[in-house]
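Working notes, structure below.
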Amino acid sequence: MTATDRWDLEVRSVKSARYAMVAAAVLLVSHVTVAILLRVSPTGVYFRTADQLALAGIGVLLAGIALLLTRPRVRVGAEGVAVRNILSERLIEWDLVRGLSFPDGAMWARVDIPDDEFISVMAIQSNDRDRAVAAVRTFRSLEAKYATTDAELRDAEPHDAER
């Protein structure tokens, strides 16, 4: 079984990733351009090669930070729900999943877990519109397939009379 066979659904935000790539390109090009033109400027300030390299390096750093917004992903399979946001990834097993919600006005969906807590799912964003709706519907059908309901949990617990 390969890594892609383990997951029935994999979703990434399309529009946010595009915006992040454009922002990264603009940051990089603008910083490198300014770094190249620093020596040409008649401002009276003397810029050295180290200053130019530092400015270009800042552009690379900022572009890399912008590209972190392309990382969010959610994968759904028999193991559970793997949510990767900007920096971390977390696997939520099906016995902890209480549903996927998309509150009014929210930018992205969230996986509801016990004790009224949730985990944001930045991969399913409202700006993706129909794609986000399809992802939520597919998630919910897979949840119905894999998740254990509260009634099943109660039936699986030993009763007081059996103890």
Side-chain angles (χ1 to χ4, degrees), residues 1-32 56-163:
M1 177 181 276
T2 65
T4 55
D5 293 340
R6 293 178 18 194
W7 306 106
D8 297 324
L9 172 68
E10 183 170 332
V11 179
R12 294 173 183 260
S13 177
V14 175
K15 285 187 179 180
S16 293
R18 285 182 190 153
Y19 295 150
M21 285 187 256
V22 168
V26 167
L27 285 166
L28 184 62
V29 168
S30 63
H31 278 78
V32 169
I58 290 171
V60 170
L61 180 68
L62 292 175
I65 290 170
L67 288 176
L68 286 175
L69 295 173
T70 63
R71 283 185 45 86
R73 173 186 73 195
V74 63
R75 296 186 299 182
V76 181
E79 294 178 44
V81 181
V83 177
R84 181 174 73 185
N85 287 326
I86 293 175
L87 295 177
S88 64
E89 184 166 4
R90 180 172 178 188
L91 176 65
I92 309 158
E93 295 176 357
W94 282 115
D95 59 339
L96 294 176
V97 175
R98 298 294 181 258
L100 181 77
S101 60
F102 213 127
D104 288 336
M107 290 183 65
W108 46 72
R110 62 189 198 186
V111 174
D112 297 320
I113 56 178
D115 298 326
D116 293 327
E117 293 186 28
F118 62 89
I119 297 171
S120 296
V121 181
M122 295 177 71
I124 304 176
Q125 296 196 4
S126 61
N127 66 359
D128 284 331
R129 302 189 191 283
D130 293 336
R131 193 173 153 86
V133 171
V136 169
R137 286 185 179 147
T138 306
F139 180 97
R140 289 182 177 155
S141 68
L142 291 170
E143 179 185 13
K145 178 180 176 183
Y146 292 123
T148 307
T149 63
D150 290 337
E152 290 171 343
L153 287 174
R154 281 193 303 271
D155 292 341
E157 292 176 0
H159 297 286
D160 290 338
E162 296 172 358
R163 289 184 192 167

Ignoring hydrogens, what is the shortest heavy-atom contact between [X] and [Y]? Give both atom names and the distance.
{"X": "V11", "Y": "A135", "answer": "CG2-CB, 3.8 Å"}
{"X": "W7", "Y": "A82", "answer": "CH2-CB, 3.8 Å"}
{"X": "G99", "Y": "E143", "answer": "CA-OE2, 3.1 Å"}

Quick one: side chains of residues 57-74, donor-acceptor pairs under 3.5 Å with protein atoms, not counting sequence neighbours, listed by atom name and distance.
{"from": "T70", "atom 1": "OG1", "to": "L67", "atom 2": "O", "distance (Å)": "2.6"}
{"from": "R71", "atom 1": "NE", "to": "I86", "atom 2": "O", "distance (Å)": "2.8"}
{"from": "R73", "atom 1": "NH2", "to": "E89", "atom 2": "OE1", "distance (Å)": "3.4"}
{"from": "R73", "atom 1": "NH2", "to": "E89", "atom 2": "OE2", "distance (Å)": "3.3"}

Taking the side chain as C-beta and beyond, is there a heavy-atom pair between [X] and [Y] under 4.5 Å?
{"X": "Q125", "Y": "K15", "value": "no"}
{"X": "W94", "Y": "V76", "value": "yes"}
{"X": "E117", "Y": "R98", "value": "no"}

What is the distance from atom CG of L9 to atom CD1 of I124, rounded to the nearest 0.5 Å? 7.0 Å
So, taking the atom named CD in E79 and the one named CG in D8, what distance separates them when rounded to the nearest 0.5 Å? 10.5 Å
Can you list, pair by pair, the side-chain donor-acceptor contacts under 3.5 Å of residues 107-114, counting residues two or more places apart and other chains?
{"from": "W108", "atom 1": "NE1", "to": "S120", "atom 2": "OG", "distance (Å)": "3.4"}
{"from": "R110", "atom 1": "NE", "to": "S101", "atom 2": "OG", "distance (Å)": "3.2"}
{"from": "D112", "atom 1": "OD1", "to": "S101", "atom 2": "OG", "distance (Å)": "3.4"}
{"from": "D112", "atom 1": "OD2", "to": "S101", "atom 2": "OG", "distance (Å)": "3.2"}

Does atom CD (E93) have a neighbourhood of more than 12 heavy atoms from anything else shown, all under 6.0 Å?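 Check fails, neighbour count at 12 or below.
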Answer yes or no: are there more than 12 heavy-atom neighbours, outside R140 itself, under 6.0 Å from its atom CZ? yes
Would N127 and Y19 count as having a side-chain donor-acceptor pair, cut-off 3.5 Å? no
